[in-house]
Amino acid sequence: MLYHHHGIAYGFTGDYNEYFSGSADGETLVYLTLANHMLHELYPGCITIAEDVSGMPTLCRPVSEGGIGFDFRLSMAIPDRWIKLLKEVQDDDWNMDDIVHTLTNRRYMEKAIGYAESHDQALVGDKTIAFWLMDAEMYENMSVASPLTGRIDRGLALHKMIRLITMGLGGDGYLTFIGNEFGHPE
């Protein structure tokens, strides 16, 4: 919505020319600015959250400062990074510098909401983080009546650590999805 190209086949690097050029949709930016201004004037306690992966500067700065006026942006790269790591890299080989960079990479003075997994992943049929970590063993080995397996023990520990580090470094707020906050979607 923010760009004429809709972000399709376009990778943002953070260069300001990518945002403040002919590719940004001026009418959309004016609409969003007016909508945020109106909402904050009429409902001073309201909170608006932008879903933007491009890193558009000023998206979460007040209209009075020349910003678009959202209060927060979703840190959409975080859940993508966790799923990529779970799919492609053994947890012993995770690069903590890369994880910390992903969790803290946001625009200065613009508030962000961190989250470990995304509704998008569930909608496209991907597994939850708990399923990536423990898979089908969750159905048989998560009861006090059954023995704790190494996969469940490690999966629970990593599940908690992923959420803890995301809550601690991922932004100014934390988002969870009902059912996923405890690691089991059912």
Side-chain angles (χ1 to χ4, degrees), residues 1-84 99-126 128-130 159 162-185:
M1 181 174 184
L2 297 177
Y3 306 96
H4 294 293
H5 54 62
H6 303 290
I8 298 171
Y10 195 90
F12 291 92
T13 64
D15 182 335
Y16 283 99
N17 292 319
E18 296 169 337
Y19 308 103
F20 302 112
S21 65
S23 64
D25 187 334
E27 291 177 1
T28 296
L29 297 177
V30 168
Y31 170 80
L32 291 171
T33 303
L34 288 172
N36 275 300
H37 179 71
M38 179 201 70
L39 286 168
H40 287 98
E41 286 291 316
L42 294 175
Y43 308 100
C46 83
I47 296 173
T48 57
I49 302 171
E51 185 175 355
D52 166 56
V53 73
S54 75
M56 167 65 86
T58 75
L59 190 64
C60 298
R61 297 303 304 153
V63 174
S64 62
E65 295 179 6
I68 299 168
F70 285 96
D71 298 296
F72 295 90
R73 77 170 73 229
L74 293 177
S75 297
M76 298 174 69
I78 295 172
D80 293 342
R81 174 62 67 197
W82 285 124
I83 293 302
K84 182 177 174 62
I99 292 170
V100 169
H101 174 75
T102 300
L103 291 168
T104 59
N105 185 22
R106 53 188 169 270
R107 295 237 173 246
Y108 179 69
M109 298 290 294
E110 294 195 35
K111 293 180 181 175
I113 303 288
Y115 54 114
E117 54 193 325
S118 157
H119 59 284
D120 292 340
Q121 294 157 350
L123 290 174
V124 299
D126 205 344
T128 64
I129 288 175
H159 195 267
I162 286 169
R163 279 168 167 59
L164 177 64
I165 193 170
T166 302
M167 284 183 211
L169 297 177
D172 304 282
Y174 180 76
L175 175 68
T176 191
F177 295 93
I178 295 173
N180 287 350
E181 66 273 23
F182 302 111
H184 204 288

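- Partners of M38 by side-chain contact (heavy atoms from CB on, under 4.5 Å), not counting sequence neighbours, listed by chain and number: L42.
- In this structure, I83 and I129 have side chains that are in contact, with non-hydrogen atoms separated by less than 4.5 Å.
- A distance-only check finds no donor-acceptor pair linking the side chain of Y174 to the backbone of R163 [under 3.5 Å].
- Using bins of under 30°, 30° to 60° and over 60° for the plane-to-plane angle, the ring pair Y19/F12 lands in the parallel bin.
- Contact between V100 and T104 at its shortest, heavy atoms only, is O-OG1, 2.8 Å.
- The structure places CG of L2 at 5.0 Å from CE of M56, a figure rounded to the nearest 0.5 Å.
- Minimum heavy-atom separation, G170 to S75: O-OG, 3.6 Å.
- One distance of note links OG1 of T48 with CZ of F72; it measures 9.0 Å at 0.5 Å rounding.
- When every heavy atom of S54 is checked against every heavy atom of Y3, the shortest pair comes out as OG-OH, 2.7 Å.
- Remark: D25 engages H4, E27, T28 in a side-chain contact (heavy atoms from CB on, under 4.5 Å) (not counting sequence neighbours).
- For the atom pair CD1 (I78) and CD1 (I99), the distance works out to 11.5 Å, reported to the nearest 0.5 Å.
- Between the side chain of R107 and the main chain of T58, no donor-acceptor pair closer than 3.5 Å is present.
- Results of the side-chain contact (heavy atoms from CB on, under 4.5 Å) test with C60 over E110, R106, M109, K111 single out E110 as the only residue that passes.
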Just do the side chain to side chain contact (heavy atoms under 4.5 Å, CB included) check on L103 and T166 with the steps written out, would you? CA-CA 7 Å; L103 291 168; T166 302; 4.0 Å; yes
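- Rounded to the nearest 0.5 angstrom, M167 CE and L175 CG are separated by 10.5 Å.
- Within a 6.0 Å radius of OH in Y31, other residues, nucleotides and ligands contribute 12 heavy atoms or fewer.
- When the salt bridge (Lys or Arg N to Asp or Glu O under 4.0 Å) test is applied to R81, the partners found at least two apart in sequence or on another chain are D98.
- To the nearest 0.5 angstrom, W82 atom CH2 is 15.0 Å from S118 atom OG.
- Counting heavy atoms from C-beta on, the side chains of I162 and E117 never come closer than 4.5 Å.
- In this structure, the side chain of S23 engages the main chain of E18 through a donor-acceptor pair within 3.5 Å.
- Remark: I68 CD1 to L29 CG distance equals 4.5 Å, nearest 0.5 Å.
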